[in-house]
Amino acid sequence: MDNEYIVEMKNITKKFPGIIANSDVTIQIKKGEIFALLGENGAGKSTLMSMLFGMYEPDKGEIFIRGRKERITSPSYAAELNIGMVHQHFKLVSNYTVAENIIMGREPKGKFLGFLPCVDIKGANRQIAELSERYDLEVNPSDIISEVNVSTRQRVEILKMLYRNAEILIFDEPTAVLTPQEIDALLRIIENLRDGGKTIILITHKLDEIKRIADRCAILRRGELIDVLDVRTADTKEMASLMVGREVSFNTDRKKARFGKNVLEVSDLTVLNRDRFPVVKNVSFNIREGEILAIAGVSGNGQVEIANAIAGLMKIEKGDIRLLGKSIRELSIRERSEAGIAYIPEDRQEMGLVLDFNLRDNLSLKKYYKKPFADRGIRNFKQSEQYGKQLIDKYDVRCANSTETVVRDMSGGNQQKAIVGREIEQEGVLTIFVQPTRGLDIGAIERIHKQIVQERDSGKAVLLISLELDEVIDLADTIAVIYSGEIDMIAPAEELTEKEVGEYMMGVGGKTASSKARDSREAGIKAGEAI
């Protein structure tokens, strides 16, 4: 029967210390549909699907696969039921090849010299190449994982499922770490999988993606099922308000900017990568008090390296960086932080947090050695505890065990909220946001956008680096577009259309327009200096 339920999860409840992750949730998924789970960060989406994949067992409730009641005790048993899952943080061995990762645990057997047992790697490569071509996944089986980009790693995870004959495919926040171009490609792949007879469960908080490819959508809020909607007839605003529990604004209200003196001056900046290749080439720009300058560009064009060079994470090959008129080129990372630079990095897990520390210690990372958090080298844990609770409440960081929560156990979105809160509370003169809303739900995005504007309205200089063009257009006072390591255009945001910025990002902006934009920017700087 075409409309039979391939997955039924009935009255599922799952508790962890201090939190109810899922409360009496019932969902029914039809064979061959794309079924989306929509909810805020920490709403219980991943926990629910982790039970379907055998990583947890429910405290209460029942799971039926193809009409048969199952107790899914492990991922290996889930695989026997033809269930596969691509996790938000990939589970690959970095020094193995693509093929070795895909076949791990299911290695095809061959005979060396006709009688010695061995792994048939040639046969595996051939089979993986065929799978890759059939589903338009484009991987080279012999590539080393550490040498391929994020979107390729994700395709490897998908191929791992397909190699194991998965029919029910769970994607956990699959677009959280992808560029807009990679997102488009992945969504086409998911549609191809559905058209090939697979059942897709998509965990996400991105409404545009759900509207584009999902058939039905279940909305979770704080662990409870709120509604199940037909995506074709559902209104985006209705979905957003059901997810967050209030009306959500899709545009950020901003007052007219009031620019002050220059806070950051970047002059002829050149930065080399590990191979001594210039990834930032002679870049110059200024940011004034009360100004949001956004650098727009396709991923990999040098924008993150600019931010890292300002924060002290990468060495400057040539040029200078001045903060409030003083060169910071020779300052350490801590000295730059104490000079007034707050930094929200692109990679929250590698650079923003110490994952095995608790939330209290992560929130006080920039203050733990100063009074009142320490006195003569002795830490005041009570002060850190109190400060941590204030930030958890102020920035809506959702965690199971308050300040004692180990950060590794938190959702990616709540990890991000913790970093944003810690850095904003530095109360410096320059705040750098790199991909600040990556992986966040619409309610958290709205909140962080307001916080970015508040930073600007309080007189701080703000550097925003984002791959989201609508985010750049919505927030920026001034837009710089980077292409191949060079700033191709800088202009007041009000003078640019989204189409023009997109053209510059792709390297096809007109030189005449670029000259006009630079003239306009220089005129704006002079006007700001005259205030």
So, [X] side chain and [Y] main chain: donor-acceptor pair closer than 3.5 Å or not?
| X | Y | value |
| --- | --- | --- |
| Asn273 | Phe277 | yes |
| Lys45 | Glu173 | no |
| Arg422 | Gly352 | yes |
| Asp477 | Ala493 | no |
| Gln154 | Pro174 | yes |
| Asn22 | Gly44 | yes |
| Glu495 | Pro492 | no |
| Asn308 | Leu313 | no |
| Arg456 | Ala476 | no |
| Glu404 | Asn358 | no |

*Do the charged groups of Lys499 and Glu503 touch, with an N to O distance under 4.0 Å?*
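Yes, this pair counts.
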
*Should Glu385 and Lys382 count as an ion pair when the cut-off is N to O under 4.0 Å?*
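Result for this pair is no, no salt bridge flagged.
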
Those residues that, when tested against [X], pass side chain to side chain contact (heavy atoms under 4.5 Å, CB included) (two or more places apart):
| X | value |
| --- | --- |
| Arg212 | Asp184, Leu187, Arg188 |
| Ala21 | Phe16, Thr47 |
| Leu331 | Ile328, Glu335, Arg336 |
| Arg221 | Glu40, Ile226 |

*Keeping to residues at least two apart or across chains, list the salt bridge (charged side-chain N to carboxylate O under 4.0 Å, His left out) pairs with something in residues 459-472.*
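Sorted pair list: Glu455-Lys460.
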
*Could you note down all residue pairs passing salt bridge (charged side-chain N to carboxylate O under 4.0 Å, His left out) where residues 306-319 supplies at least one of them, sequence neighbours left out?*
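Checked against salt bridge (charged side-chain N to carboxylate O under 4.0 Å, His left out) - neighbours excluded - the pairs reaching residues 306-319 are Arg276-Glu317.
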
*Show the numbers, then the answer: is there a side-chain contact (heavy atoms from CB on, under 4.5 Å) between Val501 and Ile473?*
CA-CA 9 Å; Val501 177; Ile473 298 292; 4.1 Å; yes

So, taking the atom named [atom1] in [X] and the one named [atom2] in [Y], what distance separates them when rounded to the nearest 0.5 Å?
| X | Y | atom1 | atom2 | answer |
| --- | --- | --- | --- | --- |
| Asn380 | Asp375 | CG | CG | 8.5 Å |
| Ile287 | Leu293 | CD1 | CG | 5.0 Å |
| Ile344 | Ile424 | CD1 | CD1 | 6.0 Å |
| Arg408 | Leu353 | CZ | CG | 10.5 Å |
| Lys450 | Gln454 | NZ | CD | 8.5 Å |
| Ile295 | Phe285 | CD1 | CZ | 4.5 Å |

[X] vs [Y] side-chain heavy atoms within contact, under 4.5 Å:
| X | Y | result |
| --- | --- | --- |
| Asn414 | Cys399 | no |
| Lys281 | Ser484 | yes |
| Gln349 | Asp347 | yes |
| Glu346 | Ile465 | no |
| Ile213 | Glu209 | no |
| Val93 | Glu100 | no |
| Val156 | Val148 | no |
| Val420 | Arg447 | no |

Side chain to side chain contact (heavy atoms under 4.5 Å, CB included) with [X]: which of [options]?
| X | options | result |
| --- | --- | --- |
| Met49 | Asp172, Leu37, Leu202 | Leu37 |
| Lys160 | Val98, Val86, Leu92 | Leu92 |
| Ser402 | Asp393, Leu359, Ile392, Val397 | Ile392 |

*If a pair satisfies ring-ring contact (aromatic ring centres under 6.0 Å, His included) and one of its residues is in residues 352-408, list it, with sequence neighbours excluded.*
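As it turns out, the ring-ring contact (aromatic ring centres under 6.0 Å, His included) pairs with a partner in residues 352-408, which skip direct neighbours, are Phe373-Tyr387.
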
*May I have the step-by-step check of salt bridge (charged side-chain N to carboxylate O under 4.0 Å, His left out) for Lys367 and Glu425, ending in yes or no?*
CA-CA 10 Å; Lys367 296 178 182 268; Glu425 292 299 316; over 6 Å; no

Considering residues at least two apart in sequence or located in another chain, which fulfil the side chain to side chain donor-acceptor pair (under 3.5 Å) criterion with [X]?
| X | answer |
| --- | --- |
| Ser327 | Asp320 |
| Ser337 | none |
| Asp396 | Arg398 |

*Would you find more than 12 non-hydrogen atoms of other residues, nucleotides or ligands less than 6.0 Å from Lys326 atom NZ?*
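12 or below, so no.
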
*Can you tell which of Glu423, Glu338, Glu427 makes a salt bridge (Lys or Arg N to Asp or Glu O under 4.0 Å) with Lys366?*
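Answer to the salt bridge (Lys or Arg N to Asp or Glu O under 4.0 Å) test with Lys366 among Glu423, Glu338, Glu427: Glu423.
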
Hey, can you pull the donor-acceptor pairs under 3.5 Å for the side chains in residues 263-272, sequence neighbours left out?
unit_1: Thr270; atom_1: OG1; unit_2: Asn282; atom_2: N; d: 3.2
unit_1: Thr270; atom_1: OG1; unit_2: Asn282; atom_2: OD1; d: 3.4

*Please report the C-alpha distance between Val481 and Leu496 in whole Å, then the side-chain angles of each, then the deciding distance to 0.1 Å, and finally whether the side-chain contact (heavy atoms from CB on, under 4.5 Å) criterion is met.*
CA-CA 11 Å; Val481 179; Leu496 296 166; 6.0 Å; no

*When you look at Met314 and Val280, which way does the side-chain contact (heavy atoms from CB on, under 4.5 Å) test go after all the steps?*
CA-CA 11 Å; Met314 290 189 78; Val280 178; over 6 Å; no

*Considering all heavy atoms of both residues, which atom of Leu38 and which atom of Cys217 are nearest to each other, and what is their separation?*
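Heavy atoms of Leu38 and Cys217 come nearest at CB-SG, 3.6 Å.
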
_Derivation of the side-chain contact (heavy atoms from CB on, under 4.5 Å) call for Ile203 and Ile170_ = CA-CA 8 Å; Ile203 303 172; Ile170 306 166; 4.1 Å; yes

*Contacts of type salt bridge (Lys or Arg N to Asp or Glu O under 4.0 Å), residue Lys14, not counting sequence neighbours*: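 Salt bridge (Lys or Arg N to Asp or Glu O under 4.0 Å) check on Lys14 returns Asp59.
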
